[in-house]
Amino acid sequence: QLVESGGGLVQPGGSLRLSCDASGFTLGFYGVGWFRQAPGREREGVACISSSRGGINFAKSVKGRFTISGDNAKNTVYLQMNSLKPEDTAVYYCAADSEGTGICGAGYFPPGEEYEFWGQGTQVTVSS
């Protein structure tokens with residue numbers, strides 16, 4: 001099971017840190033992706049990290065503002081979001097990938113269908 005937390009309402013320019021907590025399996029054996037979906041829009045991959053935690057990729061829209069990291073001791077992956085913009089408003093989901101098809105890295109962002117486990121999502125609203 002994956003559970004996201006840390007969402008909320010923040011003003012433009014503010015920061016939030018989302019957490020993706022795993023239970024029932026070792027998240028460190030999986031690549032993890034963060035996705036988001038805004039009303040009326042398709043789901044978008046935001047950031048991913050490989051199981052080794054050495055491969056990372058970001059959507060162009062968040063590069064330089066968001067970072068992703070993992071804490072294997074806590075069985076958690078984080079998404080740090082800085083300089084938030086109103087267009088970042090969405091429900092954010094984390095997902096776990098056994099990397100059977102491809103591995104997140106500079107040249108590859110596994111699409112959503114490659115992830116086996118999904119969380120329920122957490123709402124992020126950026127508004128003044």
Working to the nearest 0.5 angstrom, can you tell me the gap between Tyr93 OH and Phe35 CZ?
12.0 Å

The reported gap from CD1 in Ile68 to CH2 in Trp34 (rounded to nearest 0.5 angstrom) is 8.0 Å

Applying disulfide (SG to SG under 2.5 Å) as the test, list every pair that has at least one member in residues 99-128; sequence neighbours left out.
Cys48-Cys104

Calculate, to the nearest 0.5 Å, the distance between atoms CD1 and CZ belonging to Ile56 and Phe109 respectively.
11.5 Å

For Thr26, check side chain to side chain contact (heavy atoms under 4.5 Å, CB included) against everything at least two apart and list the hits.
Phe29, Asn75

Looking only at heavy atoms, the pair that brings Leu2 and Ala22 closest together is CD2-CB, 3.7 Å

Apart from Leu9 itself, members of its ILVMFWY cluster (side-chain separation under 4.5 Å) are none

Kindly indicate, with the supporting measurements, whether the criterion side chain to side chain contact (heavy atoms under 4.5 Å, CB included) is fulfilled by Leu79 and Arg17.
CA-CA 6 Å; Leu79 183 68; Arg17 188 178 78 162; over 6 Å; no

Residues passing the salt bridge (Lys or Arg N to Asp or Glu O under 4.0 Å) test with Arg65, sequence neighbours excluded, are Asp88

Taking ring-ring contact (aromatic ring centres under 6.0 Å, His included) as the definition, give me every residue that meets it alongside Tyr30, ordered by chain and number, with sequence neighbours left out.
Phe25, Phe117

Rounded to the nearest 0.5 Å, how far apart are CD of Gln80 and OG1 of Thr67?
5.5 Å

Check step by step if side chain to side chain donor-acceptor pair (under 3.5 Å) holds for Asp21 and Thr76.
CA-CA 5 Å; Asp21 297 309; Thr76 298; 2.5 Å; yes

Let me confirm one number: the OG-CD1 distance from Ser52 to Ile103, rounded to the nearest 0.5 Å.
7.5 Å

Under the salt bridge (Lys or Arg N to Asp or Glu O under 4.0 Å) definition, can you give me all pairs with a residue in residues 39-53, not counting sequence neighbours?
Arg36-Glu44

How long is the gap from CD on Glu99 to CD on Glu116, to the nearest 0.5 Å?
9.5 Å

